[in-house]
S.K.: 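Below is one structure. I have some questions about it.
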Protein chains: 2
Amino acid sequence: MKRSLSRETRMALEPRKQPRQERSSKVVDRILDAALTLTREQGTKTPTTLAIARRAGLSVGSLYQYFPNKEAILLDLARRWLSSFPEVIARRIEVTPPTNRDEFRQEVRKLFIDTSRIYLENATLMPVIEAISGNADLRPIQDEYDDQIIALYAAWLQHVNPTLDDKIASRLGVLMMDVGHACRLVGLKRDRKTYDLIEDDVERMWLALVTPYLNLD
Amino acid sequence: MKRSLSRETRMALEPRKQPRQERSSKVVDRILDAALTLTREQGTKTPTTLAIARRAGLSVGSLYQYFPNKEAILLDLARRWLSSFPEVIARRIEVTPPTNRDEFRQEVRKLFIDTSRIYLENATLMPVIEAISGNADLRPIQDEYDDQIIALYAAWLQHVNPTLDDKIASRLGVLMMDVGHACRLVGLKRDRKTYDLIEDDVERMWLALVTPYLNLD
DNA sequence: GACAAACGCGAATAATTAGTCGCATTCTTT
DNA sequence: AAAGAATGCGACTAATTATTCGCGTTTGTC
């Protein structure tokens, strides 16, 4: 009844309680740190509750003081990453749309640099993102964020070219996201110089992907 | 001792025995069918031995007559896919290299069409491929195949441009593989028409990716 | 049709792991 | 410093699941 309950309840993933004493907020940090480190160490496998507790110098029981279940811990780690993406793309839609090929190229580059920064700033938690993708319980949650991101990429495309068909915009949005994601995961596993080279590669690919669909002079 | 043994033994993944009576080779098919169907039904989660047995109308014990462990079943399904990839790319290296931009474009297109066919022909087992990627035990095996494929893409690039630097070739190889894979997984989940549109998108991206590195007139 | 080998079975075993609960310890407040 | 709240503990429970093993049945062979 332990396992399936949490699955059936379809997860309260919110933190169980706010820490009220100073020591305990440190404990929360220790738990998150431990979970992050272990996930990184084990490639992309999600660590067990026992392992997290041990690494954090705690007992299993303490984990459940602050998190309703194991998934919530990983999700807490990923949350900043997951939510910063939509923010950043949305911000790129607020500017005035480009009018010629050169301005357009600039807009792509800006979106590109902004999204790249998110990857660079969150490089250490990429293993967590990969672990989440590979976890049957967490995957659906990431998918929700992904749908949001795709919609925003599509919105960006229609911002740049208002006559662009919805279907096409959404198809290109998916590809922008997936191509960017796949290549950047590769890049972050290499050295910084290679990462930058890959960034150039991706930018060319993005441009090749979207240019035919933006009626420019 | 059940679980960890198989992990420690680092897996004999070969079929445990060849079926010697006619009935049993049908059983092997039933097992593979059941595993495939269940993996497809459950998204990307690997089915349990019990579930596979039940679906195949067998008992768990019978599974182990022919497969040394659960992983071997999935791997057996994926094996044709995994091995046909290197074959196809290798075949594209045997032809005489292109000499001008147009011939080069043709070569990209041929490689492109050949790899695309592999995806189309194996569309039903994509969930298995995804499940394998998400499984900590199976992942390393897929990684070996991936390394092979990357090396072949790199070899293809150097076949097309013999002066191409090793490092660059291998970087582009990874990106060709990952971009192709990511986009085609998307495509196969859509209708055929969308798949074809995505193919065009990917072809543009591939061309944009590699063209700058091939000194053509 | 008799014999051995192959096959099929499924209850039992054992490993793993998520999550709980009552007791012990530490902190905060007055 | 005493009470009560918050925190920490870890043995225990319970669920899940891979794999085995001895026994009964079927099949191919002579």
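Please read all numbers here as calculations on a predicted model, not as lab measurements. A note on names: the letters A, B, ... follow the listed sequences, proteins ahead of strands, and every chain is numbered from 1.
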S.K.: Do B:Arg192 and B:Asp196 meet the salt-bridge criterion of a basic N to acidic O distance under 4.0 Å?
M.R.: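 Yes, this pair counts.
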S.K.: Taking atom P of C:dG19 as reference, at what distance in whole Å does atom CD1 of A:Ile31 sit?
M.R.: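 Distance, rounded to whole Å: 14 Å.
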S.K.: From OH of A:Tyr64 over to P of C:dC21, roughly how many Å is that when rounded to an integer?
M.R.: 13 Å
S.K.: Rounded to the Å, how far apart are B:Arg54 CZ and D:dA18 P?
M.R.: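 Interatomic distance, CZ of B:Arg54 to P of D:dA18: 12 Å.
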S.K.: With a 4.0 Å cut-off, would you call B:Arg139 and B:Glu144 a salt bridge?
M.R.: no
S.K.: Below the 4.0 Å mark, does C:dG8 have OP1 or OP2 next to a side-chain nitrogen or oxygen of B:Tyr66?
M.R.: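 Yes, because at least one side-chain N or O of B:Tyr66 sits under 4.0 Å from OP1 or OP2 of C:dG8.
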S.K.: Grab the CD1-P distance between B:Ile52 and D:dT19 for me, whole Å please.
M.R.: 10 Å
S.K.: Select base, sugar-phosphate, or nothing to describe what A:Thr48 touches, counting heavy atoms under 4.0 Å on all strands.
M.R.: sugar-phosphate
S.K.: Please report the distance, rounded to the nearest Å, between CG in A:Leu63 and C1' in C:dT20.
M.R.: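 Checked: the CG to C1' distance equals 13 Å.
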S.K.: I'd like to check the side chain to side chain donor-acceptor pair (under 3.5 Å) partners of A:Thr194; sequence neighbours left out, ordered by chain and number.
M.R.: A:Asp191
S.K.: Round to the nearest Å and state the distance from A:Glu71 atom CD to C:dT17 atom P.
M.R.: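 Interatomic distance, CD of A:Glu71 to P of C:dT17: 14 Å.
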S.K.: Identify whether NZ of Lys or CZ of Arg in B:Arg184 sits under 6.0 Å from the centre of the six-membered ring of B:Phe112 and within 45° of that ring's axis.
M.R.: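 Because its charged atom sits under 6.0 Å from the ring centre and within 45° of the axis, B:Arg184 does stack over B:Phe112.
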S.K.: Protein-nucleotides 9-11 of chain C N/O pairs closer than 3.5 Å?
M.R.:
residue : atom : partner : partner atom : Å
C:dC9   : OP2  : B:Ser59 : N            : 3.2
C:dC9   : OP2  : B:Ser62 : OG           : 3.0
C:dG10  : N7   : B:Ser59 : OG           : 3.3

S.K.: Using atom CZ of A:Arg30 as one end and atom C1' of D:dT7 as the other, report the distance to the nearest whole Å.
M.R.: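 Value for this atom pair: 12 Å.
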S.K.: Starting at atom NZ of B:Lys26, determine the distance to atom C1' of D:dT26, rounded to an integer number of angstrom.
M.R.: 14 Å
S.K.: Under the 3.5 angstrom rule, does the side chain of A:Arg40 hit a backbone N or O of A:Thr124 as a donor-acceptor pair?
M.R.: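 Between the backbone of A:Thr124 and the side chain of A:Arg40 there is a qualifying donor-acceptor contact (under 3.5 Å).
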S.K.: Could you tell me whether a side-chain N or O of A:Asn135 sits under 3.5 Å from a main-chain N or O of A:Leu138, the two making a donor and an acceptor?
M.R.: yes
